[in-house]
2 protein chains.
Amino acid sequence: MTQMDKPALIAQLSAIVGDKAVFTDEDDMAPFLVERRGLYVGRAAALVKPATTLEVSAIMALAYENDTIVVPQGGNTGLVGGQIPDTSGKAIILNLSRMNQVRDVDTNNNTLSVDAGVTLAAAQEVAQKANRLFPLSLASEGSCQIGGNLSTNAGGIAVLHYGNARDLVLGLEVVLADGRIWEGMRGLRKDNTGYDLKQLFMGSEGTLGIITGAVLKLFPAPKSRATAFVSLSDPVDAVTLLRSIEDECGGAITSFELMPRIGIEMVTAHVADTHDPLEVPSPWYVLVELSSGTARDDLTSQLENALADAMEKDLVSDAVLAQSQTQAAALWKLREAMSDAQRHEGGSIKHDVSVPVSKVPKFIERALAAVHADLPGIRPVPFGHLGDGNIHFNLSQPVTMETSAFLDQWAHFNKIVHTIALELGGSISAEHGIGQLKRDEMAALKSDVEIELMRSLKRTLDPKGILNPQKVISV
Amino acid sequence: MTQMDKPALIAQLSAIVGDKAVFTDEDDMAPFLVERRGLYVGRAAALVKPATTLEVSAIMALAYENDTIVVPQGGNTGLVGGQIPDTSGKAIILNLSRMNQVRDVDTNNNTLSVDAGVTLAAAQEVAQKANRLFPLSLASEGSCQIGGNLSTNAGGIAVLHYGNARDLVLGLEVVLADGRIWEGMRGLRKDNTGYDLKQLFMGSEGTLGIITGAVLKLFPAPKSRATAFVSLSDPVDAVTLLRSIEDECGGAITSFELMPRIGIEMVTAHVADTHDPLEVPSPWYVLVELSSGTARDDLTSQLENALADAMEKDLVSDAVLAQSQTQAAALWKLREAMSDAQRHEGGSIKHDVSVPVSKVPKFIERALAAVHADLPGIRPVPFGHLGDGNIHFNLSQPVTMETSAFLDQWAHFNKIVHTIALELGGSISAEHGIGQLKRDEMAALKSDVEIELMRSLKRTLDPKGILNPQKVISV
């Protein structure tokens, strides 16, 4: 089958979704062709915005027939270029934002069924109005979409307790490469009838199929919460503290975030309405949050007791417990602003690694030594989800260095940091995925067996290679 | 490639695992060739018991080279014939029970790494000794093995809180059809580097690869527990009670099991040391258990309050709270003995269906009406994991009917019950899998797209069709 010429393709797309949902003007398409940090800029033959699963199906059937490359896109918040086409101008961007209907809320089944284009914040809100919690929570929740969250197996700040996006799904609806619809919108907690096909499509970044709908798990809404900001001398003590609070408070820990002194200094220096909550500076901090679905648990006193024990054992040097929601929000702001605050300190080289939680202290120790030895004056800001073993080992440039000269070393520092993570049984992409950014690096470090398995899956599900090609894995 | 003759095959297998780990004598093989209820009896060329992953790898390489069928087997406790070969006598049974080493316990990572042949009970015990919980729990836990649990995505009594077996796994080691080893023994809570290959092998019943090792999640050990046995008038009230206890007690509910009056009567009539815990008979009962990883939560008073509220609202007619572990065990025995007790009442036709939790009352109502209309005198005993929507809709024969005449209607009643479950968005195999028992039925009721996707996965991962063929899906 030869490729259709562009006007014929546009005409066919318009016949499927209507004129107003097909865009070919460069200005119209521009916001959808650039990743928000500007790292990836692509081109496209058209941007198409279907409103229904049947429209997505018809678009894929057309694309399959004509060997047209399709790049699925949600809220365009991904950090690895998965949602941006290449620069050939041949791809069509299939943006799901018009598929934004809530299909069903079933409080007796604790499920929420949505179109893929519903934003994460909208899904959270629907859950909240039904006196339930949809626990996925991450920085871009106002604009990212459920389809993108699931396609990238998003992580965020509640993984410790609720798991990754993958763990929050009971059913999926997926349009396959050739336009067939796999109808898997089941709301079942147990279903062992054959291979669990939905798992294929989660975390595969739109390279095996296009998620158009999902049945999500809901949880009891939290009714009590306790938040503390704790200072301690090193990450070893932070891991011991995590397990000792767990021993005291059971599964109530919903967040356990590690921060270094330099991160707090950057935030309080550059971000409005932030201040250091503890008097005496400390090399490391932890933000810990407990929550419970019952109002009867006295989480604050549980956490107080656990922290008092930890202070007696010299695990913790100081701590403040939030006395109100406002105080808790102020503590969280220190953590949430940490990535942005680094923008004010020149170039920043990012990492999104994970290691077993037990190996986090060793990872941080080795990675700090390695980057300091490599570039004196470098300012590492390792912070993040210690409870999941997921550390954003970000590196701010030396104060006096030229930013571009520092950023030129991106791959160099990636290699240093990733090598150490891998030696400790870790991952080079804990929650952001592979996309374009880490495709070749992943291919180089995975075993041949693993890469061959991935390639064979890609070939099986996308034989013509039209679904988000050259993302995650090249065939 | 032609098939080796049998003596040559045996010699090669012996060269891999040693003479003492290859069995060809019919008497030696007999216990491994029959499913415990006697529904499936197979034959085999040999039974081989490798002790290491490398031995499994060498066996599969040999089998691949010689087109030899391999049936992987764990504790031989499966209920759908997945672990039993056909009657051709050509297969080799690859039994994993000698691979029973605990590889690692990492309490700071909350992980347990084991060989596939470790029994579930042994894994639970290792966790307990480390002051942790491995929450998978089911009737055959003394003999079933982790490899089988994961290959079948086992369910059990704690799914409501902890999820199915699939949800309890961080990493896998798998031997592929051609003998290559996929090394995925990662202990990471977050890892988004490419397709999540481990998901392929869980729940696929040994048809896509042989699981030889796993990294399992551990949880804080429960420190407090509350157990109640509650009488109520119908399943609608049971679902309302579930959500109202959840509203009061949050995520602390770890079990919520439904039982009918007839089930309690059968248990107390036939099982030693059981008695009806409530004075006034009631059409339905629920066993509810809360548990918490902290000793500070007063779960008993929380549950008492929730039940008092429910009584005021006329959801519940009576209730007893266990005052000791002994009392709790006695209440659990009523539930756990329910399947066995039916053996004393003649033939029993089993179902393992699930529907959305919200649909359980409608399912029970419709299925009861349908089977009563079909066969007056039939004695349905619908019981099970209401909190997961998983009801074992078992049917005891009419008292006066001949057992064999009743059991001849197995497929007939399956059809009646499964049709209703499917109409309500349910599954015909909630936790037991497909194996041989439900293969053709599954193929008939799934969509063409779904069956084709499953077949294409099977062909991709097992191109020669030597891995547990004719189980789950025929290609």
Side-chain angles (χ1 to χ4, degrees), chain A residues 106 108-109 152-153 155 159 164 167 180 182-183 186-197 199 203-204 219-220 239 243 246 248-251 292-294 296-297 302 354 356-358 388-390 425-434 442 447 449-450 453-454 456-457 460 472-473, chain B residues 106-109 153 155 159 164 167 180 182-183 186-197 199 203-204 219-220 239 243 246 248-251 292-294 296-297 302 354 356-358 388-390 425-434 442 447 449-450 453-454 456-457 460 472-473:
Chain A
D106 182 346
N108 270 338
N109 196 36
T152 58
N153 187 29
V159 172
N164 296 284
D167 303 306
R180 286 178 301 163
W182 173 58
E183 173 46 72
R186 294 158 201 157
L188 302 174
R189 307 266 156 186
K190 284 182 172 174
D191 178 20
N192 276 339
T193 53
Y195 307 153
D196 190 357
L197 297 175
Q199 303 293 345
S204 59
F219 294 80
V239 172
R243 296 311 168 205
E246 204 170 65
E248 178 81 19
C249 308
S292 164
T294 168
R296 291 171 187 274
D297 292 342
Q302 284 185 21
S354 65
V357 178
S358 51
D388 315 315
N390 176 199
S427 165
I428 64 162
S429 186
E431 57 179 8
H432 295 167
I434 297 297
M442 181 190 88
S447 71
V449 173
E450 185 151 341
L453 279 172
M454 288 188 197
S456 64
L457 288 176
T460 301
V472 185
I473 192 155
Chain B
D106 183 346
T107 51
N108 269 338
N109 196 37
N153 187 29
V159 173
N164 295 285
D167 303 307
R180 286 179 301 162
W182 173 58
E183 173 48 73
R186 295 159 201 157
L188 302 174
R189 307 266 155 185
K190 283 182 173 175
D191 178 21
N192 276 340
T193 53
Y195 307 153
D196 190 358
L197 297 175
Q199 303 293 345
S204 60
F219 294 80
V239 172
R243 296 309 168 207
E246 204 170 66
E248 179 81 19
C249 308
S292 163
T294 168
R296 291 171 187 274
D297 291 343
Q302 284 185 21
S354 65
V357 177
S358 51
D388 315 315
N390 175 200
S427 165
I428 64 162
S429 186
E431 56 180 9
H432 295 167
I434 297 297
M442 181 189 89
S447 70
V449 173
E450 185 152 342
L453 279 172
M454 288 188 196
S456 63
L457 289 176
T460 301
V472 185
I473 191 154

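Since the model is a prediction, treat every value here as computed from it, not as a measurement. Just so we're on the same page: letters track the sequence lines, and every chain starts at 1. Below, each value reflects all heavy atoms present in this structure, side chains not excepted, and no hydrogens, waters or symmetry copies.
No donor-acceptor pair closer than 3.5 Å links the side chain of A/N390 to the backbone N or O of B/D191. Judged by distance alone, with hydrogens and angles left aside, the side-chain atoms of A/T460 form no donor-acceptor pair with the main-chain N or O of B/T460 at under 3.5 Å. Here the side chain of B/N192 pairs a donor or acceptor atom with the backbone of A/N153 at under 3.5 angstrom.
Most heavy-atom pairs under 4.5 Å with chain B, from the set A/G426, A/G194, A/G425: that is A/G194. Counting heavy-atom pairs closer than 4.5 Å to chain A, the top-ranked of the candidates B/A430, B/G293, B/S429 is B/A430. If you tally non-hydrogen atom pairs under 4.5 Å between each of B/R180, B/E450, B/E183 and chain A, the highest count goes to B/E450. Interface check for chain B: of the options A/S447, A/S292, A/G155, A/C249, the most heavy-atom pairs under 4.5 Å are formed by A/C249. Put simply, of A/Q199, A/R189, A/R186, the one with the most heavy-atom pairs under 4.5 Å next to chain B is A/Q199. Here B/T193 is the residue among B/T193, B/I473, B/I434 with the most heavy-atom pairs under 4.5 Å with chain A.
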Item to complete: Check the pair A/V357, B/N109 against side-chain contact (heavy atoms from CB on, under 4.5 Å), reporting the backbone distance first and the verdict last.
Response: CA-CA 5 Å; A/V357 178; B/N109 196 37; 3.5 Å; yes
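In this structure, the portion of B/L197 lying under 4.5 Å from any heavy atom of chain A is its side chain and not its backbone. Contacts between A/N164 and chain B at a heavy-atom distance below 4.5 Å involve the side chain alone, from C-beta outward. The contact between B/S354 and chain A is made by backbone and side chain atoms together, counting heavy-atom distances below 4.5 Å.
The minimum heavy-atom distance between B/Y195 and A/V472, with the atom names listed, is CE2-CG1, 4.1 Å. The shortest non-hydrogen separation linking B/G250 to A/P220 is C-CG, 3.9 Å.
Of the inter-residue distances, the one linking A/S427 atom OG with B/L188 atom CG reads 6.0 Å to the nearest 0.5 angstrom. Note: A/R243 CZ to B/T107 OG1 = 8.0 Å, rounded to the nearest 0.5 Å. Of the inter-residue distances, the one linking A/M454 atom CE with B/D196 atom CG reads 9.0 Å to the nearest 0.5 angstrom.
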